[in-house]
Amino acid sequence: MNLAEGVQIVSLGLLGLMMISAALGVVLLQNIVYSAFLLGGVLISVAGLYLLLNADFVAAAQVLIYVGAVNVIILFAVMLVNKQEEFRPVPKQWIRQGSTALVCFGLFALLSTMVFQTPWFSSTGATVTTTSTTVLIGEHFFSDYLLPFELASILLLMALVGAIVLARRELLPEEIISPAQQPALTLPERPRQPLVISSGTSSSPGSTAE
Amino acid sequence: MQLQYFLVLAAALFSIGIYGLIASRNAVRVLMSIELMLNAVNINLMAFSSFLDSEEIKGQVFTVFVITIAAAEAAVGLAIVLSIYRNRDTVDMEQFNLLKW
C-alpha cells in the first residue's frame, strides 16, 4: 500500500463516519432545524465520496443542486411551517418504532452480507478514465441519452409550474372581482387572513397544544 | 479502496432513510428521509460506474438524472406540505388521513 491508497482509505473512513453520523442526526434529533443543517452535512459528505470515485462533474453538481437548492428549499419550508407544536402521543408508539428499527437493521444486515458474498467482477480498484468525465457525460447526454435529457427538462418545467400552483393561495372566483376595485397588476387572490380557530378546527389536537 | 465499502455505506444510508421515512412524524423530516434514500441510490450508481464501467461512465449520467428528479420532487413535495399546513394547521403525519377513509 503506497501513500495514495492510504490517503484514500483514511478519507473514505472519515467521509463515511461523517455521513452516517449526520444521517443519524437527521433522523433522530428532535429539533427540525438541526436536522435540516445536518442534511447539508450528509450531502457534502456524499459529494466527497463522489470525488473519491473520480467523478468531479457529478460532485460539483451535487454540491450546487443538493446543498445549494434542495437544502435551501427545505430550510425555507422549515421556516414557513415553524410551529412549535407538541405532537400528541400515539398509543403503542414504541412498538412501531422498535419494529421499524428492527426491520431496517435486518435490511442493512441482509444487504451487507449480500455485498460481501457476491463476487464482483473487478474489485481491484477504480481505474482512472483518460478523458475528462465532463466530456464523456456531455457526449452521453447529446447522443444516446438525448430523449431522457429533454424529458427531464420538460419534467422540471412541470414541477416548477405545479409547485407554484400548489403553494399559492386560493383564487377568488371571477364574478366577485369587479374591475374597478381590482388594483392593477395584482393577482386575484383571496386576502391573507389570520386563521380563525372555530369549532371545526379546534377538534384537531395539534392546534390546541400550541 | 474496494467496491464493497461504498456499497455498505450506501446500504447503511438507505436503511437510515427508511427508518426516518416510517418513524418520523414531522412531514418535512419525511421529505429529508426521502432525500437520504435518493443519495444512497446515487452512491450505488456512482460506485458501480466507477468500478465496473469506468470506460463509458453511464452510471454518472443516471446519477445526474436522479439528481434532477430529486430536485423536482423536493419542490413539489414541499409545496404539498405547505398547502396541507395551511389547510390543517399542523404538520403531524398522524393527522394526514384525508385519503384514508
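Just so you know, these numbers come straight off a predicted model, no measurement behind them. Chain letters run A, B, ... following the sequence lines, proteins first, then strands; residues in each count from 1.
With a 4.5 angstrom heavy-atom cutoff, V42(A) touches chain B only via side-chain atoms. When heavy atoms are compared at a cutoff of 4.5 Å, L110(A) does not approach chain B at all. When heavy atoms are compared at a cutoff of 4.5 Å, L78(B) approaches chain A solely by way of its side chain, counted from C-beta outward. Contacts of F65(B) with chain A are made by side-chain atoms alone, with heavy-atom separations under 4.5 Å and no backbone atom involved. Using a 4.5 Å cut-off between heavy atoms, V64(B) touches chain A through its side chain atoms alone. For F105(A), no part lies under 4.5 angstrom from a heavy atom of chain B. The contact between F108(A) and chain B is made by backbone and side chain atoms together, counting heavy-atom distances below 4.5 Å. Proximity to chain B is limited to the backbone of Q30(A), based on heavy atoms less than 4.5 angstrom apart. Contacts between Q93(A) and chain B at a heavy-atom distance below 4.5 Å involve the side chain alone, from C-beta outward. There is no contact between S24(B) and chain A, counting heavy-atom distances below 4.5 Å.
Comparing N42(B), T63(B), L82(B), I80(B) by heavy-atom pairs within less than 4.5 Å of chain A, the highest count is held by N42(B). Your options are S35(A), S112(A), G162(A), A61(A), and the one with the most heavy-atom pairs under 4.5 Å with chain B is S35(A). Most heavy-atom pairs under 4.5 Å with chain B, from the set L155(A), V78(A), V46(A), L28(A): that is V46(A). Between chain B and the residues A77(A), G13(A), A152(A), P148(A), the most heavy-atom pairs under 4.5 angstrom are made by P148(A). Annotation: maximal heavy-atom pairing with chain B below 4.5 Å, among I20(A), L111(A), L15(A), occurs at I20(A). With respect to chain B, the highest number of heavy-atom pairs below 4.5 Å among L107(A), V165(A), V81(A) belongs to V81(A). Each of N39(B), L36(B), I18(B) has some count of heavy-atom pairs under 4.5 Å with chain A, and the biggest count is that of N39(B). Of all the listed residues (I164(A), I137(A), D144(A)), the one sharing the greatest number of non-hydrogen pairs under 4.5 Å with chain B is I137(A). The residue among A47(B), A70(B), A11(B), A23(B) with the most heavy atom pairs within less than 4.5 Å of chain A is A11(B).
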- Could you walk me through whether R96(A) and E94(B) pass the salt bridge (charged side-chain N to carboxylate O under 4.0 Å, His left out) test, one step at a time? CA-CA 13 Å; R96(A) 197 184 309 183; E94(B) 294 293 329; 2.8 Å; yes
- Message: side-chain contact (heavy atoms from CB on, under 4.5 Å), that's the test. Do L24(A) and L38(A) meet it? Break it down for me.
- Response: CA-CA 9 Å; L24(A) 283 175; L38(A) 280 176; over 6 Å; no
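Using cut-offs of 30° and 60° on the angle between ring planes, the pair F51(B) and F6(B) is tilted.
Separating the CG atom in L21(B) from the OG atom in S33(B) is a distance of 6.0 Å, to the nearest 0.5 Å. Atom OG of S50(B) and atom CD1 of I57(B) lie 9.0 Å apart (nearest 0.5 Å). Between atom CG of residue L52(B) and atom CD of residue E55(B) there is a gap of 12.5 Å, rounded to the nearest 0.5 Å.
At least one side-chain heavy atom of I9(A) sits less than 4.5 Å from a side-chain heavy atom of Y5(B). For the pair Q60(B) and F57(A), the minimum side-chain heavy-atom distance is 4.5 Å or more. A 4.5 Å side-chain heavy-atom check between W120(A) and L7(B) finds at least one atom pair inside the cut-off. Residues L3(B) and F48(B) form a side-chain contact, since some pair of their non-hydrogen atoms from C-beta on lies under 4.5 Å apart. With contacts defined as side-chain heavy-atom distances shorter than 4.5 Å, the pair L146(A)/F141(A) does not qualify. Contact check for L80(A) versus Y85(B): no side-chain heavy atoms found under the 4.5 Å cut-off. Side chains of Y50(A) and I43(B) form a contact here, defined as non-hydrogen atoms less than 4.5 Å apart. The shortest distance between side-chain heavy atoms of S83(B) and N87(B) falls below 4.5 Å.
A side-chain donor from one of D56(A) and T133(A) sits under 3.5 Å from a side-chain acceptor of the other.
The stretch residues 64-74 of chain A places I65(A), Y66(A), V70(A), I73(A), I74(A) near chain B, each with some heavy atom under 4.5 Å from a heavy atom of that chain.
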